[in-house]
Amino acid sequence: MVSFFSQMFSYDHSWATVNEGVWQKYPNPYSGHVVSVDVIDRTVDPETGIIRTERVLGCKQAAPRWVVKFLGGSEDAFVREVSFVDPRTSKTTITSVNLSLSQYMTVLEKISYEPCATNPTTQTVFKQTAEIRARMGKWKSLGDRLETWSAERFSVNAALGRQGFEHVLRALCERREQKIES
C-alpha cells in the first residue's frame, strides 16, 4: 500500500518574497520539531543560473514510542532536501526524503513555488505532494497502519507548516517595512 497527500494554494506574496522566506523558514513557532538545518552543498549553474541547494534537516520525530522502539530508531530524525531555484522562470522546486528509518518507510515530498498566472506580482502558487510507502515486508498489516498514521501526521504537519511559513513571511515583510521607515 502507498499513501498519498496533495495540496495546492496561493500565498499572498510575490515569488521573490516567498523564495526569500524559504531560506528563513526555520525556526518558527509552528515547526518546533525542526531542530537544525545544515547546508551540505550549494551550486549555481553558470549557463542557466539555477541554484541547487542540498540541506539536511534534523527533527524530533513524533512517532509513537512503540514504533521507534520496535524499529530500533530514536526520536532524532534526519531529512535530505534538494532544492532548485530558477531565477529565469521564477520557479522553486524542493524534493525531500527521510534518511532515518528509510529501510522501513519512505516519505518522498515534492514542493513547488511559482508566480500565480493571474496575479504574478502579488501571489505565489504552492503545490505539495507526498508519497508515503511502508517497507515492512512480512508485517504488512503493521506497515499499513504505519502508512495510515504517517499520512494523517503528514497532513497535520502540512497545516502547521503553512501557518509557520505565513508567520515567517509576515515577519519578513514587517522587517522590510521597518527598514523603509527608518
Side-chain angles (χ1 to χ4, degrees), residues 3-59 77-100 102 106-133 150-151 153-180:
S3 295
F4 295 95
F5 173 85
S6 164
Q7 69 174 339
M8 181 176 89
F9 56 84
S10 293
Y11 286 108
D12 290 328
H13 299 278
S14 69
W15 175 82
T17 299
V18 169
N19 196 59
E20 185 178 346
V22 165
W23 309 110
Q24 299 176 37
K25 188 173 181 181
Y26 305 110
N28 75 66
Y30 298 89
S31 298
H33 66 287
V34 178
V35 296
S36 65
V37 179
D38 296 298
V39 175
I40 304 302
D41 186 47
R42 181 171 285 143
T43 57
V44 179
D45 185 303
E47 292 180 23
T48 65
I50 295 174
I51 304 162
R52 179 194 180 276
T53 304
E54 184 172 351
R55 307 191 302 179
V56 173
L57 284 68
C59 306
F78 298 94
V79 175
R80 177 179 182 247
E81 175 190 273
V82 179
S83 63
F84 295 90
V85 178
D86 188 337
R88 292 183 186 162
T89 63
S90 298
K91 184 172 184 178
T92 302
T93 57
I94 303 170
T95 302
S96 62
V97 66
N98 61 300
L99 298 173
S100 302
S102 59
T106 303
V107 179
L108 177 64
E109 176 185 30
K110 295 180 182 182
I111 291 175
S112 70
Y113 299 94
E114 55 190 318
C116 176
T118 55
N119 297 311
T121 60
T122 60
Q123 288 187 318
T124 302
V125 175
F126 170 83
K127 296 177 185 172
Q128 178 183 38
T129 61
E131 178 183 297
I132 302 161
R133 180 184 309 261
S150 296
R153 186 75 192 154
F154 192 95
S155 179
V156 168
N157 284 342
L160 290 172
R162 181 178 183 176
Q163 288 179 297
F165 195 46
E166 288 281 7
H167 173 83
V168 168
L169 292 172
R170 277 191 306 277
L172 179 62
C173 290
E174 287 171 10
R175 284 194 302 273
R176 283 184 181 166
E177 288 174 16
Q178 288 173 352
K179 283 184 181 179
I180 291 170

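Bear in mind the structure is a predicted one, so any value in this text is a computation, not a measurement.
In this structure, T48 OG1 and I51 CD1 are separated by 9.5 Å, a value rounded to the nearest 0.5 Å. E109 CD to S96 OG: the interatomic distance, rounded to the nearest 0.5 Å, is 4.0 Å. Taken to the nearest 0.5 Å, the OG1 atom of T129 stands 7.0 Å off from the CG atom of L108. Taking OG from S10 and NZ from K127, the interatomic distance works out to 10.0 Å, rounded to the nearest 0.5 Å. Between atom CD of residue Q128 and atom OH of residue Y113 there is a gap of 8.0 Å, rounded to the nearest 0.5 Å.
For residues 42-58, the set of pairs meeting the salt bridge (Lys or Arg N to Asp or Glu O under 4.0 Å) definition, not counting sequence neighbours, comprises D41-R52, R52-E54, E54-R80, R55-E81. The salt bridge (Lys or Arg N to Asp or Glu O under 4.0 Å) analysis of residues 157-170, with sequence neighbours excluded, yields no pairs.
Relative ring orientation between F165 and Y11 is described as perpendicular, the plane-to-plane angle rising above 60° on a 0-90° scale split at 30° and 60°.
G58 and F78 get closest at one heavy-atom pair: CA-CD2, 3.8 Å. Pairing each heavy atom of A158 with each of F5, the nearest pair is CB-CZ, 3.7 Å. Scanning both residues, S100 and A77, for their nearest heavy atoms gives OG-CA, 3.3 Å.
At least one donor-acceptor pair under 3.5 Å links the side chain of T124 to the backbone N or O of H13.
Every side chain to side chain contact (heavy atoms under 4.5 Å, CB included) that T106 has, sequence neighbours left out, goes to V97, N98, R135. Residues meeting the side chain to side chain contact (heavy atoms under 4.5 Å, CB included) test with T89, sequence neighbours left out: D86, K91. For Q163, the side chain to side chain contact (heavy atoms under 4.5 Å, CB included) partners at least two apart in sequence or on another chain are Y30, L160. Partners of H33 according to the side chain to side chain contact (heavy atoms under 4.5 Å, CB included) rule, which considers only residues two or more places apart in sequence or in another chain, are S31, C59. Listed by chain and residue number, nothing satisfies the ring pair (Phe, Tyr, Trp, His ring centres under 6.0 Å) test with F84 (two or more places apart in sequence, or in another chain).
Only one option out of V37, D38, L99 pairs with L57 in a side chain to side chain contact (heavy atoms under 4.5 Å, CB included); it is V37.
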Using a 3.5 Å cut-off and no angle test, enumerate the donor-acceptor pairs between side-chain atoms of residues 16-26 and protein atoms at least two apart in sequence or in another chain.
from, atom 1, to, atom 2, distance (Å)
T17, OG1, S14, OG, 3.1
T17, OG1, R176, NH1, 2.8
N19, OD1, T92, OG1, 2.6
E20, OE1, R176, NH2, 2.3
W23, NE1, N19, O, 3.3
Q24, OE1, R175, NH2, 2.7

Q7/F126 under side chain to side chain contact (heavy atoms under 4.5 Å, CB included): CA gap, chis, key distance, verdict:
CA-CA 8 Å; Q7 69 174 339; F126 170 83; 3.8 Å; yes
Which is it for K110 and T93 under the side chain to side chain contact (heavy atoms under 4.5 Å, CB included) test, yes or no, and what are the steps along the way?
CA-CA 7 Å; K110 295 180 182 182; T93 57; over 6 Å; no
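R153 has its side chain within reach of V156: a pair of non-hydrogen atoms, C-beta onward, lies under 4.5 Å apart.
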